[in-house]
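The figures here come from the full heavy-atom set of this structure, side chains too, leaving out hydrogens, waters and symmetry mates. Note that ligands are numbered from 1 as they come in the structure, with each ligand's atoms numbered from 1 the same way. Counting from 1, the numbers follow the sequence of the chain as shown.
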Amino acid sequence: MKNILVTGGCGFIGSNFVRLVLEQLPDSRIINLDKLTYAGNLENLADIEDNDRYKFVRGDICDGELIFNLFVQEQIDTVVHFAAESHVDRSIEGPSEFIQTNILGTFALLEAARKFWLSSPRPPVPNPRFLHVSTDEVYGSLGDTGLFSETTPYDPRSPYSASKASSDHLVSAYHHTYGLPTLMTNCSNNYGPYHFPEKLIPLIINNALNGKDLPVYGDGKNVRDWLYVVDHCTAILRVLQKGRVGETYNVGGNSEMQNIEVVQTVCDILDEKVEPLANGQTRRSLIKFVKDRAGHDRRYAIDATKLKQELGWQPSVTFEDGIRMTIDWYLKNEEWMSGVLDGSYQDYYSSMYDAR
Ligand code: NAD
Ligand code: DAU
């Protein structure tokens, strides 16, 4: 892993991953290719932008020529592919970008890797690896019991998860057909620093700090399996270093919670840490049950036994600790929050929530 191409490194998980690699792999360089959509933010990596082992390239993963040139110029031996449209609600409002970036963008990356790594009898770089970062949502929705394993049949139910499932199938096909050295991770819900405030946890933190309604979809009893983002990043690193080529590894937090429990927890911690609301009420009073998400998956939960048994990985941060660390980070980084909440976010927020 000398020259690592990270796609989507200016987003939530990508930026945490870039920072971790620069800390933990002193002999590796990172080339971060990011289009800087609304979800990508240069501020997420402002602290490392002058690191001489880091290079930022603004560009689109759908641009095959740009990517192939990067492979050649930078002698890329490792790809960690995060770039995606990642928000389910936006995929329901407008699926087109999801098809474009998540499917065609992944296809363009796979093609560039195939052309560079496999076009001559010997790869131009030693031990190339293409790690595709995917999601547990490809498996669909669980009932009250059961867990998603690597062999659970795919059953995506939103435009977002269908586009991710499609990209997973392409990755798998490139391994089986061409022998591309791929790895895949399917992870549960992440939370932590640099999480864009359209997603549940940072949205609730931001609204609760500002005395705004806390929108909970449906009955609030949908379940997600929460994982602290740095744990996801260490899992990806472990899979890159030790995973078997062609394999998929599920990554999860072993931390199932109903949405309403998550929201109440955030409210209670904020009540403890910051001054009360102007009317003296607790932040739980801001909770508002709103119209449900269309096709809302009821429950996700990951069985990460394979990752634990084969590669010795398990989460190191409990939800109780991780949510406090996350809230502390947002309290210390209010400028970051106001930086990402530009006019287009306000428009998005109104269109999402006024109708509910
Ligand atoms: P994010 O939305 O925060 O970041 C996505 C990044 O990709 C942004 O920096 C954006 O600018 C960039 N990007 C988007 N389209 C691009 C394009 N066409 N070309 C280049 N760059 C582009 O996403 P995230 O939450 O950090 O998720 C990263 C990856 O992890 C995604 O593939 C997602 O499906 C997967 N994942 C996320 C979670 C989660 O809980 N957030 C869980 C499991 C898997
Ligand atoms: O499971 C992994 C997936 O987790 C990733 O693949 C996605 O990229 C990521 O966005 C996330 O998807 P979710 O749809 O689960 O995350 P979100 O934060 O949007 O919602 C979490 C739950 O909270 C979900 O049941 C919907 C609910 N919700 C969400 C928002 C934004 C609310 O009740 N109110 C809200 O305002």
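Below 3.5 Å of separation, one finds no N or O of I201 facing any N or O of ligand 2. Between N189 and ligand 1, no N or O atom pair is found at a separation short of 3.5 Å. Annotation: D60 places an N or O atom under 3.5 Å from an N or O atom of ligand 1; distance criterion only. Remark: ligand 2 and Y217 share an N or O pair separated by less than 3.5 Å (distance only, no angle test).
Considering CD1 of I30 and CD of E74, their distance stands at 12.5 Å, rounded to 0.5 Å. For the atom pair OG of S158 and CG of D297, the computed distance is 6.5 Å after rounding to the nearest 0.5 Å.
The closest approach between a heavy atom of F196 and any atom of ligand 1 is not below 4.0 Å. Residue contact annotation: M352 has no non-hydrogen atom under 4.0 Å from ligand 2. Distances shorter than 4.0 angstrom do not occur between any heavy atom of K164 and any atom of ligand 2.
The aromatic rings of Y217 and H296 lie perpendicular to each other, with more than 60° between the two planes, well past the 30° mark. Ring orientation note: the planes of Y300 and F148 are tilted relative to one another, at an angle of 30° to 60°.
The option from V262, D297, N259 that lies nearest to atom 23 (O) of ligand 2, judged by heavy atoms, is N259. For atom 15 (N) of ligand 1, the nearest non-hydrogen atom from the set L66, N190, T101 comes from T101. Considering K35, H195, R90 only, the shortest heavy-atom separation from atom 17 (C) of ligand 1 involves K35. Comparing A84, G59, G8, G252 by heavy-atom distance to atom 5 (C) of ligand 1, the nearest is A84.
Counting the atoms of ligand 2 from 1 in the order shown, those under 4.0 Å from a heavy atom of K199 are 10 (O), 18 (O). Short contacts between ligand 2 and Y353, defined as distances under 4.0 Å to a heavy atom of the residue, involve ligand atoms 31 (C), 35 (C), 36 (O). Atoms of ligand 1 found under 4.0 Å from any heavy atom of S188 (numbered from 1 in listed order, with element): 42 (C), 43 (C). Close contacts of ligand 2 with T135, meaning ligand atoms under 4.0 Å from a residue heavy atom, involve 1 (O), 2 (C), 3 (C), 5 (C), 6 (O). The atoms of ligand 2 that sit less than 4.0 Å from any heavy atom of V216 are 33 (O). Those atoms of ligand 2 that come under 4.0 Å of a heavy atom in H87, given as number and element, are 19 (O).
Residue G252 comes nearest to D225 through the heavy atom pair CA-OD2, 4.0 Å, listed as atom of the first residue, atom of the second, then distance.
At a heavy-atom cutoff of 4.0 Å, ligand 1 is contacted by no atom of Q100, backbone or side chain. Using a 4.0 Å cut-off between heavy atoms, Y160 contacts ligand 1 through its side chain alone, with no backbone atom that close. Residue contacts with ligand 1, taken as heavy atom pairs separated by less than 4.0 Å, do not involve C62 at all. Counting heavy atoms closer than 4.0 Å to ligand 1, residue L36 contributes backbone atoms (N, CA, C, O) but none from C-beta onward.
Given atom 4 (O) of ligand 2, the protein heavy atom at minimum distance is N189 ND2, 3.1 Å. Atom 7 (C) of ligand 2 has as its closest protein heavy atom S86 O, 3.5 Å. Here the protein heavy atom with the shortest distance to atom 21 (C) of ligand 2 is L200 CB, 3.9 Å.
Electrostatic pairing of D47 and R19 counts as a salt bridge here, judged by a charged N lying under 4.0 Å from a carboxylate O. A salt bridge links E272 with R324: the distance from a Lys NZ or Arg NE/NH1/NH2 to an Asp or Glu carboxylate oxygen falls below 4.0 Å. A salt bridge links D271 with R283: the distance from a Lys NZ or Arg NE/NH1/NH2 to an Asp or Glu carboxylate oxygen falls below 4.0 Å.
Inspection of the S149 and K306 side chains reveals no N or O donor paired with an N or O acceptor under 3.5 Å.
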Dump the intermediate steps for side chain to side chain donor-acceptor pair (under 3.5 Å) on Y174 and E111, then the final yes or no.
CA-CA 9 Å; Y174 270 65; E111 271 295 275; 2.7 Å; yes
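Both tests hold for R90 against Y348: distance to the six-membered ring centre under 6.0 Å, angle to the ring axis within 45°.
Put simply, the side chain of D27 never gets that close to the backbone of L25: no donor and acceptor are under 3.5 Å apart.
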